[in-house]
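Throughout, residue positions are numbered sequentially from 1 according to the sequence presented. None of the values given here were measured: they were computed from a predicted structure.
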Amino acid sequence: MNELEKEAIKILQNNWRNGFSIPCEGLYPFQWKWDSGFIAIGLAYFDMSKAKEEITTLLDAQWKNGFIPHIIFHNESDSYFPGPDYHHSDLHPKASKKYKSTGMTQPPVTGFVLEELYRISKDKKDILQYIETVIDKVYDNHHYFYNNRDILNEGLVYIYHNWESGTDNSPLWDDIFKTMNPPKYTFERRDTTHVDASQRPSKREYDHYLHIIEVAKEHHYNDQKIAELSPFLVQDPLFNSMLIKSNQSLIALYNLIGNNQEKVNQLKTWQEKSIHSFNKKLFSEKLGAYIHYDLRNKKPLEYISSSSFAPLFAGIPSKERASVLVKTLMQKFGKKNLYLCASFDPSSERYEPKKYWRGPVWINLNWILYKGLKQYNFENEAQRTKEDTITLVKKFGFYEYFDARKEKDNAGYGGLNFSWTAALIIDLLHEK
Ligand code: GLC
C-alpha cells in the first residue's frame with residue numbers, strides 16, 4: 001500500500017472516538033455533519049463497520065422533524081466556542097433529547113455518501129442491508145428541507161447561517177454582513193488558541209455569526225420565524241447541489257432495495273423542480289458560473305467561488321453549460337502558477353490566499369470538483385485536480401486547507417491531521 005494511504009489511515013484511526021470521528025484534534029472536538037459523511041467514505045476502504053457506525057451515530061442525533069444538526073456535542077469539552085450551552089438546541093420542541101447539538105445544519109451529503117459506501121463495499125448484500133436500516137432517515141431529512149426551507153416553493157432550499165454553508169468565512173457573506181449591525185458581544189474564542197489568528201475569522205465577523213444565532217434562539221429555532229426574520233437567508237449552489245446529488249443517490253438506492261415507489265416518485269418530483277430552478281435562478285451568464293442568491297435582500301451574489309462548480313457533481317448543467325463553466329474554472333482558478341482549486345476567485349480583490357474560506361484550497365471541494373469533471377468527461381481537468389490535490393497533501397501534510405499559490409513552500413494552514421483530508425485522499429488514491 002502507498003505510504004500516503006497508510007498515513008491517512010493512521011489519521012482516521014487516531015481521530016476515531018467512541019462511535020464517531022472528530023474532524024481534528026483540539027480545534028474540532030465533536031462530530032460535524034458533513035465531515036462525518038466525507039470521513040465515512042475514507043473509513044469504508046479499511047473498516048466498513050466504522051464507516052457504518054459513523055453514519056448511524058450521526059443519524060441517531062436526528063430531530064423528530066427530520067432535521068440533522070451541524071455539530072453533535074457527544075462529549076464535554078471546553079476547548080470549543082460556541083459550545084452546547086450557547087446553542088441550546090433543546091429550545092426547539094422537536095430537538096433530540098439524547099444529544100446536545102447546534103440548531104443549524106450543514107450540506108446534506110449523507111445520501112450520496114450511502115451510495116459511495118455501496119460502491120466501495122466488497123459485500124454488496126451486507127451494505128445494502130445496512131443502507132435499508134438508515135435510508136428512510138436520510139429521506140426524512142430531505143423531506144424536512146423541502147417542507148421547511150423552500151419558502152418560494154421552487155425546489156431551492158435556504159441556509160440561514162454562514163456556518164450552514166460549510167464554507168464558513170467566504171467573502172460571499174461580506175455583502176450580507178454589511179446589511180447588519182450586530183452588538184459587540186463579549187465571549188472567549190478558542191479557535192485562535194489552536195490556529196494562527198491570521199488564518200481565522202476576525203472578532204467582528206464572530207459578532208455577526210453570533211447575532212444570527214441569537215435571532216434564531218429568540219424564536220426557538222422555529223423555521224418559519226427564521227425564514228421571516230433571519231438577517232441571513234441564502235440559496236447556496238453548493239448546499240443545493242449536495243441535496244440534488246443526494247436525491248439522485250436515494251433514488252438509485254431505493255430502486256436497488258425495491259418496494260419504495262412512493263418515495264422514489266416524491267424524490268423524482270423534487271429533483272425535477274430543483275434542477276430546473278437551479279439552472280434558471282443560480283446561473284450567471286455574465287460570469288459563466290453558478291452563483292448564490294441572497295433571499296433576504298432579494299439579489300444575486302455575483303461572485304465565483306469553488307462552490308460555483310459543485311453543480312457538475314450533481315449533474316445539474318447541460319453539456320453546453322458545463323463547457324462554459326469549465327472554461328471559467330480554468331481561466332480564473334486553473335492558471336499554471338495556482339493549484340486547483342482556490343475557494344474564492346483569485347482575481348477578486350476579496351481573495352485572501354491564507355485565510356480560511358477566503359482563498360485557500362479545501363480537499364473536500366476538490367474531491368467534489370474532481371468527481372464532477374469526471375462525470376462530464378473533462379478528463380484532463382479532472383486529472384489535474386486530482387494531481388494537484390495529492391501533491392498538496394504529499395508536500396505539506398494532511399492540513400485543513402492550503403495556499404493555492406505554487407511558489408509557497410509552506411502552504412498548509414489551519415488544523416493538522418484533518419480527517420476529511422485523510423479520508424478523501426484515500427478515495428482519490430483508489431481512482432484511476
Ligand atoms: C470548519 C469548516 C466546516 C467544517 C468544520 C469542521 O468550520 O468551515 O466546513 O465542517 O470546520 O471540520
Test of ring centre spacing under 6.0 Å for W63 and H92: yes
Any donor-acceptor pair under 3.5 Å from Q31 side chain to H74 backbone: no
Note: K280-E154 ion pair, threshold 4.0 Å (strictly below): no
Validation row: D388, R384 side chains within 4.5 angstrom (heavy atoms): yes
Check: S121 side chain, L117 main-chain N or O, donor-acceptor pair, under 3.5 Å: no
Pairing of K408 and D403 as salt bridge, 4.0 angstrom limit: no
Point-to-point distance, once rounded to the nearest 0.5 Å, from CD of E54 to CG of D35: 9.0 Å
Sole residue of P353, S343, S306 in side chain to side chain contact (heavy atoms under 4.5 Å, CB included) with P360: S343
Main-chain N/O of Y399 paired with T421 side-chain donor or acceptor, under 3.5 Å: yes
Y144 and D223: CA distance, side-chain angles, deciding distance, side chain to side chain donor-acceptor pair (under 3.5 Å) verdict: CA-CA 10 Å; Y144 159 80; D223 290 296; 2.7 Å; yes
Crowding at NZ, K394 (>12 non-hydrogen neighbours, <6.0 Å): no
Pairwise distance CD1(I71) to NZ(K100) - rounded to 0.5 angstrom: 14.0 Å
Lys/Arg cation over aromatic F283: R321, 6.0 Å, 45° cone: yes
Plane angle bin for F239 and F145 - parallel if under 30°, tilted between 30 and 60°, otherwise perpendicular: perpendicular
Side chain to side chain donor-acceptor pair (under 3.5 Å) assessment of T102 paired with H70: CA-CA 6 Å; T102 58; H70 117 279; 3.0 Å; yes
Ion pair check, D207 and K184, cut-off under 4.0 Å: no
Student check: side-chain heavy atoms of K354 and D196 closer than 4.5 Å: no
R296 with D294: basic N within carboxylate O range, under 4.0 Å: no
Y290 and F278, any side-chain heavy atoms less than 4.5 Å apart: yes
Within 6.0 Å of NE2 in H194, more than 12 heavy atoms from elsewhere: yes
Smallest separation among heavy atoms of E115 and A252, with atom names: OE2-CB, 3.7 Å
L27 backbone acceptor or donor facing D191 side chain under 3.5 Å: no
Euclidean distance, F309 CZ relative to L329 CG, rounded to 0.5 Å: 4.5 Å
Working for side chain to side chain donor-acceptor pair (under 3.5 Å), residues H88 and Y221: CA-CA 10 Å; H88 227 309; Y221 293 113; over 6 Å; no
Aromatic ring proximity, centroids under 6.0 angstrom, Y401 and F418: no
Exercise: identify the closest heavy-atom pair between S246 and P108: OG-O, 2.8 Å
Any K33 side-chain heavy atom under 4.5 Å of N141 side chain: yes
From CE (M104) to OG (S89), nearest 0.5 Å: 11.5 Å
Atom pair CD1/CZ of I9 and F46 - distance to nearest 0.5 Å: 5.5 Å
Heavy-atom closest pair, residues G359 and Y351: CA-CE1, 3.5 Å
Short side-chain to backbone donor-acceptor contact, K406 and K336, under 3.5 Å: yes
Rounded distance (nearest 0.5 Å) linking atom OG of S305 with atom CG of D236: 7.5 Å
Heavy-atom donor-acceptor pair, S307 side chain to P237 backbone, under 3.5 Å: no
Over 12 foreign heavy atoms within 6.0 Å of NZ, K217: yes
Pair D47 + K52, salt bridge at N-O below 4.0 Å: no
Student check: side-chain heavy atoms of Y293 and K298 closer than 4.5 Å: yes
Aromatic centroids of F73 and Y99 separated by under 6.0 Å: no
E302 atom CD, over 12 foreign heavy atoms within 6.0 Å: yes
Short N-O contact, E164 and R149, less than 4.0 angstrom: yes
Aromatic ring proximity, centroids under 6.0 angstrom, F30 and Y80: yes
Short side-chain to backbone donor-acceptor contact, T179 and I176, under 3.5 Å: yes
Per-pair distances, 0.1 Å, donor-acceptor, side chain in residues 424-432, under 3.5 Å, sequence neighbours excluded:
from	atom 1	to	atom 2	distance (Å)
D427	OD1	Y45	OH	2.4
D427	OD1	R119	NH2	3.1
D427	OD2	W367	NE1	2.8
D427	OD2	K371	NZ	2.9
H430	NE2	E5	OE1	3.4
H430	NE2	E5	OE2	2.9
E431	OE1	Y370	OH	2.9
E431	OE2	K371	NZ	3.1

Pairwise side-chain contact, I39 with F20, heavy-atom cut-off 4.5 Å (strictly under): no
E407 atom CD, over 12 foreign heavy atoms within 6.0 Å: yes
Step-by-step side chain to side chain donor-acceptor pair (under 3.5 Å) determination, D136 to Y254: CA-CA 9 Å; D136 286 345; Y254 272 130; 2.6 Å; yes
N366 and T385: side chain donor to acceptor below 3.5 Å: no
Under 3.5 Å donor-acceptor, S308 side chain and I291 backbone: no
Aromatic contact, Y139 with W270 (centres under 6.0 Å): yes
Verdict with supporting geometry, E205 and R358, salt bridge (Lys or Arg N to Asp or Glu O under 4.0 Å): CA-CA 13 Å; E205 282 166 320; R358 304 183 72 88; 3.7 Å; yes
Parallel, tilted or perpendicular, as decided by the 30° and 60° cut-offs, for the rings of H292 and W173: perpendicular
Cation-aromatic face contact R350/F344, 6.0 Å, 45 degrees: no
Heavy-atom side-chain contact between D175 and K299 under 4.5 Å: yes
Validation row: L287, T328 side chains within 4.5 angstrom (heavy atoms): no
Ring pair (Phe, Tyr, Trp, His ring centres under 6.0 Å) partners of F402, counting only residues at least two apart: none
E25 with R17: basic N within carboxylate O range, under 4.0 Å: yes
Least distance between heavy atoms, W163 atom then H87 atom: CZ3-CE1, 4.5 Å
